[in-house]
2 protein chains.
Amino acid sequence: MSNGITDRTPPADVTERLGYRLKRAAATLRGAMDKALREHGLTVPQYACLELLDQQPGLSNAELARGTFVTRQSMNVVLRGLQDAGLITRPATTDHGRALPAHLTEEGRRRLAAARSVVYAIDQRMTDAVPPKRLSVLLADLDRMAETLGG
Amino acid sequence: MSNGITDRTPPADVTERLGYRLKRAAATLRGAMDKALREHGLTVPQYACLELLDQQPGLSNAELARGTFVTRQSMNVVLRGLQDAGLITRPATTDHGRALPAHLTEEGRRRLAAARSVVYAIDQRMTDAVPPKRLSVLLADLDRMAETLGG
DNA sequence: TTACTCATGTCAGGAGTTTGACATAGGAGC
DNA sequence: GCTCCTATGTCAAACTCCTGACATGAGTAA
């Protein structure tokens with residue numbers, strides 16, 4: 001059966017398929033972040049939102065949704081929560097268009113800084129699990145996988 | 001700043017971190033599977049459950065939950081749905097212990113076979129996106145990442 | 001101007017998932 | 001025997017997220 005030509009059929013064992021492994025790694029990461037962030041009073045989408053806003057102040061609801069891989073509707077409730085908690089500000093109206101630019105408050109920056117330390121630790125532990133020389137290749141492969149499926 | 005020693009601090013740009021890329025790839029895969037499976041009347045957890053049961057008949061609710069990375073409670077709902085749809089069977093009682101072994105019905109096997117084709121196609125497209133020589137290494141790295149975080 | 005298209009923000013409803021809790025069954029150790 | 005400890009199944013409530021839908025604003029072209 002082994003003829004030197006790459007097998008183009010997914011393994012019969014589900015757990016040997018790329019999709020399963022990808023899901024497993026992502027689920028584990030999600031669980032670790034969820035647990036760590038809970039002690040900081042933040043959910044994963046909330047943290048992701050704060051992180052994006054810190055790097056790109058003024059992002060709109062729709063832009064944040066795309067950046068965190070959720071729908072506009074989901075991001076809307078996240079933003080409302082962050083707004084109620086006083087971590088971000090958003091104008092009620094705007095001169096041009098409908099997009100409402102969001103910005104971090106001082107408190108938001110503080111909470112983000114605190115939460116960032118624990119998330120960094122997790123990301124670093126995970127990154128250390130892969131040989132340094134393979135990291136850039138791994139990142140590129142993950143990107144290709146996403147792009148191929150229309151991400 | 002580049003001194004030949006591997007940088008041990010996560011990139012400031014969130015989108016350059018391993019966690020972000022991993023989430024992106026997983027989210028894209030989830031979206032593709034979700035869309036494809038909807039035409040077969042199945043959700044992703046339902047499909048995963050059927051696939052596991054096909055390979056390992058008699059798995060219990062808790063075992064299926066661990067295998068699909070959800071809680072027992074979630075899997076309980078999934079199993080109830082599959083049972084109502086006549087795709088699996090589960091005894092009401094058992095002689096030994098509390099674990100109730102689940103099994104596919106004939107209809108369950110048919111639906112799984114139909115759904116499997118579209119999922120295989122997605123998995124294959126994704127797998128083809130990474131150079132064949134790197135596939136086994138990629139799988140190993142994903143595993144290491146999960147194990148490091150306690151998966 | 002008008003009509004069309006697209007992106008955005010938002011509301012309503014429902015499906016899926018989680019946390020927290022409780023009762024039951026088996027095994028290990030005393 | 002008895003007591004922990006663990007694992008399992010299940011219920012209830014809350015939360016998260018999504019699908020579907022609608023209205024608004026901007027740009028484009030007839």
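Note on naming: letters A, B, ... go to the chains in the order of the sequence lines (proteins, then strands), and numbering restarts at 1 for each one.
For L64(B) and dT10(D), the CG to P distance is 12 Å, given to the nearest whole Å. In this structure, the CZ atom of R66(A) is 18 Å from the C1' atom of dC17(D), given to the nearest Å. Straight-line distance from the CZ atom of R30(A) to the P atom of dG16(C): 18 Å, rounded to whole Å. With rounding to whole Å, D84(A) atom CG is found 13 Å from dC15(D) atom P. Rounded to whole Å, the distance from CE on M75(B) to P on dG16(C) is 13 Å. Atoms CZ (R90(A)) and C1' (dT10(C)) sit 10 Å apart, rounded to a whole Å. Whole-Å rounding puts the D95(B) CG to dG26(C) C1' distance at 14 Å. Going from atom CZ of F69(A) over to atom C1' of dT16(D) covers 18 Å, rounded to whole Å.
In this model, the phosphate group of dT8(D) is not approached by any side-chain N or O of S60(B) to a distance below 4.0 Å at OP1 or OP2. Residue R80(B) has a polar side-chain atom (N or O) positioned under 4.0 Å from OP1 or OP2 of dC11(D). One finds a side-chain N or O of N76(A) lying less than 4.0 angstrom from the OP1 or OP2 phosphate oxygen of dT10(C). The shortest distance between the side-chain N/O atoms of H96(A) and the OP1/OP2 oxygens of dA26(D) is below 4.0 Å.
Checking E63(B) against S60(B) by side-chain atom types alone, a donor-acceptor pair falls below 3.5 Å. In summary, the side chains of Y47(A) and E51(A) do present a donor paired with an acceptor at a separation below 3.5 Å, with no hydrogens or angles considered.
DNA chain D is contacted by both N61(B) and P45(A); N61(B) maps to the nucleotide lying nearer its 5′ end (nearest heavy atom per residue).
Using a 4.0 Å heavy-atom distance criterion, V77(A) is classed as making no nucleic acid contact.
At a threshold of 4.0 Å, the pair D141(B)-R144(B) counts as salt-bridged, since one of the basic side-chain nitrogens sits closer than that to a carboxylate oxygen. No salt bridge links D84(A) with R80(A); every basic N to acidic carboxylate O contact stays at or beyond 4.0 Å. Between E107(A) and R110(A) there is a salt bridge, since at least one side-chain N of the basic residue sits less than 4.0 Å from a carboxylate O of the acidic one.
Taking both residues in full, the closest heavy atoms of A115(A) and L37(A) are given as CB-CD2, 3.8 Å, listed atom of the first, atom of the second, then distance. For the residue pair R24(A) and T28(A), the shortest heavy atom distance occurs at O-OG1, 2.8 Å.
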Return the polar atom pairs (N/O with N/O) between nucleotides 19-23 of chain D and the protein under 3.5 Å, or none.
from	atom 1	to	atom 2	distance (Å)
dG20(D)	O6	Q73(A)	NE2	2.7
dA23(D)	N3	R98(A)	NH1	3.3

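Closest approach to the A62(A) side chain among dT10(C), dG16(C), dT8(C) is made by dT8(C) (side chain taken as heavy atoms from C-beta onward).
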